[in-house]
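In what follows, chains carry the letters A, B, and so on, assigned in the order in which the sequence lines appear, proteins first and then strands, with residues in each chain numbered from 1. Both backbone and side-chain heavy atoms feed into the values below; hydrogens, waters and symmetry mates do not. Small disclaimer: the values here were computed from a predicted structure and weren't measured.
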Amino acid sequence: MTRRALVLAAALGLAVTALLARGHQQVGYVRDEGVYFHASRAYADWAARALASPALLLDRPARDRAFAVNHEHPALMKLAGGLSARLFSRPGPEGQPPEARAPAGALPLLPEGAAMRLPAQLLAGLGAALLFLAGFALARPKGHAPEDLSVSPYAPALLAALWFVGLPHVWYHAGLHTFDVPVAVLTLAVVLCYRRALASWRWSLLLGPLLGVAVSVKHNALFIPVLLAVHYLAGLALAGRRPTLGQLVPLPFLSMAALAPLTALALWPWLWSDPLARLGEYIDFHRLHAYYNTEYLGINYNQPPMPWSYPWTLTWATVPSALLLLAAVGLALGLRRDLSDRPPGDLPPASFAAPLRGHPPRDGLLWALFGLFPLALISLPEIPIFGGTKHWLTAYPFLALAAASAWLTLWRAMKPQGRARLLPLALLPALLGPALWSTAHAHPHGLSQYAPLAGGARGAAELGLLRGFWGGQVLPVLDDLSRTPAPLYLHDLHELARQQYEREGRWPAGAPPVPLPRARAGLLFHERHMLSNEVELWNHLGTTAPSAVVTLGDVPLTSLYRASR
Amino acid sequence: MPPPASDRRRAAVLLGAVGLVAAVEWLAAAAAYRPAISDADWDAAAAALAALPPDEPVILADDWLGPSARARLPALARAVGLPDLHGAPRLHVLALADWRTRAVEDDLAGLAPRPTGADDLGAFTLHHVALPGAGSVLWDMTVDPSLAARDDRGPCRRSRETWSCRQGRAGIRFAEVAYRPRRCLALELEDGATLELSARAALGARLRGHLGLSDFNGRLRSDAPVLVELAVDGRTRARWLLSDLQGWAAFEVPTSPGPAALTVRVTSLLAGTFTPAGYDPEARRVPCLELRALAEAP
């Protein structure tokens with residue numbers, strides 16, 4: 001790794017974070033964020049008080065009061081968001097009661113909600129930087145002299161980073177105060193750490209705590225050690241030698257088994273009391289998760305069996321096909337290489353601390369496991385599909401690396417000479433353009449965007465694919481509501497998300513939230529099953545014509561209705 | 001050592017394939033990521049729709065565009081919630097592309113449309129269609145001011161488009177049935193209660209109606225059915241047992257033209273729903289009914 005590559009990776013990560021921090025101020029708060037904002041304030045308040053008075057750490061009632069809020073998800077991102085708000089939040093408007101007004105942070109740079117989103121955005125930047133470095137390392141592996149200089153290492157580096165963060169759905173989720181992109185980035189970090197841990201005790205000792213951090217972000221990370229074990233066992237099997245005792249009880253896995261749970265426990269104070277019962281409750285919540293409604297190819301699903309094709313079709317419909325094709329080529333080439341590679345004859349002796357030192361890294365298998373497992377899991381007919389693509393974003397960093405590897409391998413096979421050596425880098429805009437165009441075009445409604453070959457949002461609407469599900473696409477109608485305020489039915493906008501606008505002075509005065517029977521105006525977030533709510537609005541307000549409609553590519557996403565009588 | 005020629009060929013083919021797909025995607029992006037409908041297109045559609053005879057329905061082929069279209073084209077409001085296209089001998093369909101979409105086909109309900117012309121309005125095309133055999137509407141339950149109702153315990157009290165009964169209430173309104181809006185008589189009655197509707201009506205060749213259950217969750221579970229009985233001049237002509245899964249279920253009986261006394265009895269056997277914990281009477285499913293007398297086509 002060169003110093004220049006490190007500097008460029010850091011610059012890319014910071015640029016991604018800065019763009020998200022700025023751009024996502026135009027992205028409305030989604031339902032779950034409303035709850036997480038509320039939880040973040042409670043957690044950060046506890047942390048601040050505990051910092052001032054450490055005895056509070058042992059005060060179970062105080063701890064439980066703070067962390068009972070949204071205890072179905074681990075605390076780390078919410079705690080980070082709350083602390084970020086204490087640092088960077090701008091004060092809310094004067095004249096509101098203190099509990100309904102954002103307090104000023106130490107360095108008031110951002111609206112409170114934007115400040116809470118910042119940790120997730122920093123992690124997205126870290127993800128871009130890690131992918132850049134991992135892509136770079138494909139061309140210049142650590143410890144190896146560059147074998148082939150025909151392709152600039154910046155080509156796979158940039159491709160890996162932008163393949164991931166340049167996708168409209170990844171970009172949209174990357175800026176939110178939620179867990180999906182953070183857990184994808186931490187999964188990548190754990191996997192990259194594991195690669196090193198196979199040959200280094202230092203990385204092994206880091207691996208356990210890092211997995212604990214990933215688990216502290218979202219439960220997706222619980223699958224990581226299982227997939228790593230499959231990869232490790234495959235590596236042993238493909239080596240074609242009898243494993244040593246040290247290889248059978250290797251340090252990386254001991255580290256994960258011992259240090260990850262301790263780290264996760266330390267980072268989630270809710271589990272400090274009655275940990276087994278609360279852990280069981282947490283697992284049961286996700287194992288028995290409710291089936292919300294979602295539309296797929298014109299059919300509303302809210303109970304199993306769910307269609308197995310859902311994640312595959314949605315991935316095709318939201319990720320440009322050239323990028324998917326390149327990732328598929330990368331997986332095929334990587335797997336072919338991994339299945340034929342044998343360790344060299346002069347292997348150093350295997351040890352407990354470096355169980356696969358000198359073995360081929362078998363990256364193709366690693367990418368295939370982590371790139372395909374999340375989609376395969378969602379394909380199971382009992383697994384809920386309500387979250388759209390966000391539930392398998394953890395796959396995308398590995399598909400990005402597979403694509404970068406394919407780009408490198410194919411161009412190296414071409415042996416470009418002279419100016420043609422610039423082609424792998426120069427052609428990246430042509431390759432990534434449709435994805436970046438898609439992301440830019442969709443902003444700030446990236447959740448509703450679809451790939452060019454799916455026809456964008458319009459094509460997806462014709463195909464009967466969901467337009468959104470989170471009640472966040474509301475900011476444009478707030479202007480309309482400000483001009484003529486009225487008691488408002490919020491529909492799918494979460495009251496806690498609305499309160500966040502109010503805390504920042506962005507909610508129109510004179511538009512209190514009310515139940516439908518008392519409303520003189522109403523929001524409607526369009527989803528197939530939400531027509532039930534829309535006709536109730538028509539009946540109550542006496543009109544079928546919205547006064548304002550938020551659209552993406554002509555497709556209505558949110559409507560504002562006003563009473564006609 | 002240079003790579004073997006076969007490797008280079010394979011790499012060139014794969015890179016070419018990726019490049020070709022990317023090139024197609026650039027073209028597709030240019031089409032997908034530009035607005036297809038301009039303000040001028042909306043204005044042209046509004047002017048064309050305003051010029052249509054007010055008694056001829058105009059519908060939107062592209063369901064997904066509904067909210068924007070209703071906001072920009074007031075004429076579309078006339079046809080929101082139509083039960084189907086029977087009774088409309090002439091029809092106009094505003095479409096972005098193909099006008100015979102699934103929603104339009106559903107509403108044609110077996111009618112064979114005959115295109116009579118089309119106007120190019122920019123992004124939109126306004127298709128004019130004749131519907132031989134659709135007949136015309138002689139009487140419509142949802143707009144009859146003399147429609148009377150009673151439940152098992154006596155007559156209901158009418159106020160504009162709602163009826164207050166001892167065992168519940170009924171009202172003409174929009175309801176979501178099978179993910180489509182329908183204007184119909186929504187019945188919110190106690191379990192097992194029967195609502196009897198009566199009217200004097202000018203009959204034609206047939207009585208045609210629909211019943212559907214709102215909302216979608218009930219349909220997915222398929223709970224208890226609803227019984228509909230139809231009598232003409234005191235004689236029961238038909239009886240239907242309709243369930244959630246039938247969606248917006250159509251029914252029809254032939255009639256002799258002329259004035260007649262109509263009676264429709266609707267019994268919601270169980271209005272609640274079944275859950276893993278047992279029967280839940282609070283999660284109400286609302287049966288919604290419409291009935292029209294249709295003359296044959298002129």
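Taking every heavy atom of both residues into account, B:Glu25 and A:Ala322 meet most closely at OE1-N, 3.1 Å. Across all non-hydrogen atoms, the minimal contact from A:Pro452 to B:Ala32 is O-CB, 4.3 Å. Here the closest heavy-atom approach between residue A:Glu534 and residue B:Pro67 is recorded as OE2-CG, 4.1 Å.
Tested against B:Val18 for a side chain to side chain contact (heavy atoms under 4.5 Å, CB included), the candidates A:Leu410, A:Leu427, A:Leu326 yield a single pass: A:Leu326.
Listed options A:Ala457, A:Ala548, A:Ala545, A:Pro546 were ranked by heavy-atom pairs under 4.5 angstrom with chain B; first place goes to A:Pro546. For the set B:Ala22, B:Ser68, B:Ala69, the entry with the most heavy-atom pairs within less than 4.5 Å of chain A is B:Ser68. Comparing A:Gly433, A:Gly456, A:Pro434 by how many heavy-atom pairs each has under 4.5 Å with chain B, the most go to A:Pro434. Contacts with chain B were tallied for A:Gln449, A:Arg467, A:Glu536, A:His441; A:His441 has the most, counting heavy-atom pairs under 4.5 Å. When each of B:Ala97, B:Ala77, B:Pro181 is checked for heavy-atom pairs under 4.5 Å with chain A, B:Pro181 comes out on top. No other option in B:Ala31, B:Ala23, B:Ala36 has as many heavy-atom pairs under 4.5 Å with chain A as B:Ala36. The greatest number of non-hydrogen atom pairs below 4.5 Å with chain A, out of B:Leu76, B:Val80, B:Asp63, is found for B:Val80. Each of A:Gly298, A:Gly459, A:Gly455, A:Ser438 has some count of heavy-atom pairs under 4.5 Å with chain B, and the biggest count is that of A:Ser438. Chosen from B:Ala30, B:Gly19, B:Gly66, the residue pairing most often with chain A at heavy-atom distances under 4.5 Å is B:Ala30. The most heavy-atom pairs under 4.5 Å with chain B, out of A:Leu325, A:Leu323, A:Val329, A:Asn533, come from A:Leu325.
Between the A:Asp554 side chain and the B:Pro35 main chain, no donor and acceptor come within less than 3.5 Å of each other. No donor-acceptor pair closer than 3.5 Å links the side chain of B:Arg173 to the backbone N or O of A:Asn539. Between the side chain of B:Glu176 and the backbone N or O of A:Val535 there is no donor-acceptor pair closer than 3.5 Å.
The side chain to side chain donor-acceptor pair (under 3.5 Å) search around A:Gln473 returns A:Ser448, not counting sequence neighbours.
The neighbour count for B:Arg169 CZ, taken as heavy atoms of other residues, nucleotides or ligands under 6.0 Å away, does not exceed 12.
Only the backbone of B:Ala175 comes within contact range of chain A, judged by heavy atoms closer than 4.5 Å. With a 4.5 angstrom heavy-atom cutoff, A:Trp407 touches chain B only via side-chain atoms. At a 4.5 Å heavy-atom cutoff, the contact between A:Tyr561 and chain B is made by side-chain atoms alone. If you measure heavy-atom distances from B:Arg180 to chain A, the contacts under 4.5 Å come from the backbone alone. For A:Ser321, the parts sitting under 4.5 Å from any heavy atom of chain B are the backbone and the side chain alike. In this structure, chain A has heavy atoms under 4.5 Å from both the backbone and the side chain of B:Ala12. The contact between A:Ser559 and chain B is made entirely by side chain atoms (from C-beta outward), counting heavy-atom distances below 4.5 Å. With a threshold of 4.5 angstrom between heavy atoms, B:Arg72 does not approach chain A through any atom at all.
To the nearest 0.5 Å, atoms CZ (B:Arg10) and OG1 (A:Thr409) are separated by 12.5 Å. Of the inter-residue distances, the one linking A:Leu537 atom CG with B:Phe174 atom CZ reads 12.5 Å to the nearest 0.5 angstrom. Considering OG1 of B:Thr101 and CD of A:Glu462, their distance stands at 10.0 Å, rounded to 0.5 Å.
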Check against side-chain contact (heavy atoms from CB on, under 4.5 Å), A:Trp538 and B:Arg70: CA-CA 12 Å; A:Trp538 297 353; B:Arg70 292 193 303 275; 3.3 Å; yes

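Residues B:Trp64 and A:Arg458 meet the side-chain proximity criterion, which asks for heavy atoms closer than 4.5 Å.
Using a 30° and 60° split on the angle between ring planes, A:Trp437 and B:Trp26 fall in the tilted class, from 30° to 60°.
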